[in-house]
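Because the structure is predicted, anything quoted here is derived from the model rather than measured.
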Amino acid sequence: VLQWIGTLLTDKAQVCKASFGLLVPILLQLIVTASDAHPAQRHECFDLLRQAASLEESYTAREIDFQRAISIRKDCLECMVYLLGLGYVSESLLFFARFVRITKDTAMVRHLLLLVVNSLSPPYSPYFLYMLSVFLLALGGSKDARTALQHERFGSDARSRLAVLVSAVL
């Protein structure tokens, strides 16, 4: 099933179809189900999510609707945070750190921060805290991330949870 999903994501004819946007939620649900049922396949599931999250980078504006691609990216980030909750930590947080450094979409950074902060709870392992520090350092170096943190939608609850995480890392 995962190979079939990978084939669909790399098939330009499929991705450029208007109906592809309707197929993506089903594909993402299959990826999440596979990662639940087969922990050894989480790496492949994550690679598929990474591939789907970067669709707009592979196509021109005439080939793919960028609003649809952004919606797909948002859904993929949510699935990646779910994998983070399943224990797939290092790849997830490294991807998030890279994403925060390169993206110009402040709303997407804020959404990702809220997802990550709301999905975490103690106790934290030393390895997890180290990987989290990589992500948080990327946030600190990103002007868009700082802007996202100051936005009213980030909320005081999320800010306090983030402060707890930062104090645990430091």
Q: Please report the closest heavy-atom contact between E78 and L115, naming both atoms and the distance.
A: CG-CD1, 3.5 Å
**Q.** Gap separating the CZ atom of F96 from the CG atom of L84, nearest 0.5 angstrom
**A.** 6.0 Å
Q. C45 versus L2: any side-chain heavy-atom pair under 4.5 Å?
A. yes
Q | Selection residues 7-27 - residue pairs positive for side chain to side chain donor-acceptor pair (under 3.5 Å), sequence neighbours left out | A | K12-E63
**Q.** Min side-chain heavy-atom separation I31-F46 under 4.5 Å
**A.** no
**Q.** Reported CG-to-CZ distance for the pair D47 and R42, which is rounded to 0.5 angstrom
**A.** 14.5 Å
Q | Backbone N/O of V100 and side chain of T103: donor-acceptor pair under 3.5 Å | A | no
Q) For residues T33 and Q29, is any side-chain donor paired with an opposing acceptor at under 3.5 Å? A) yes
**Q.** L93 reachable from I102 in the ILVMFWY side-chain graph, under 4.5 Å edges
**A.** no
Q) Quick one: does P39's side chain get under 4.5 Å of L86's, heavy atoms only? A) no
Q.
Quick check: do L28 and L49 have side-chain heavy atoms less than 4.5 Å from each other?
A. yes
(Q) To the closest 0.5 Å, what do you measure between CG (L27) and CG (D75)? (A) 11.5 Å
Q: Measure up the F95 and F99 rings against each other and bin them: parallel (under 30°), tilted (30 to 60°), perpendicular (over 60°).
A: parallel
**Q.** Closest approach of G21 to P25 (non-hydrogen atoms, all atoms of both residues)
**A.** O-CD, 3.3 Å
(Q) Quick check: is Y127 connected to V116 through a chain of hydrophobic side chains (ILVMFWY, heavy atoms under 4.5 Å apart)? (A) yes
Q: Could you go through the side chain to side chain contact (heavy atoms under 4.5 Å, CB included) check for Q3 and E44 one step at a time?
A: CA-CA 9 Å; Q3 288 179 344; E44 188 173 348; 4.3 Å; yes
Q) Are any of the side-chain nitrogens in R50 or E91 under 4.0 Å away from the carboxylate oxygens of its partner? A) yes
Q) Could you state the interatomic distance from CG (L9) to CH2 (W4), rounded to the nearest 0.5 Å? A) 9.5 Å
Q) Does S71 use its side chain to pair, donor to acceptor, with the backbone of Q67 at less than 3.5 Å? A) no
Q. Can you tell me how far CG of D36 sits from CD of Q41, rounded to the nearest 0.5 angstrom?
A. 13.0 Å
Q | Shared hydrophobic cluster, I26 / L8 (ILVMFWY, side-chain heavy atoms < 4.5 Å) | A | yes
(Q) Working note: L112 + V81, criterion side chain to side chain contact (heavy atoms under 4.5 Å, CB included); need CA distance, chi angles, decisive distance, verdict. (A) CA-CA 8 Å; L112 176 61; V81 170; 4.2 Å; yes
Q: Please tell me if the side chains of Y88 and M80 come closer than 4.5 Å, counting only heavy atoms from C-beta onward.
A: no
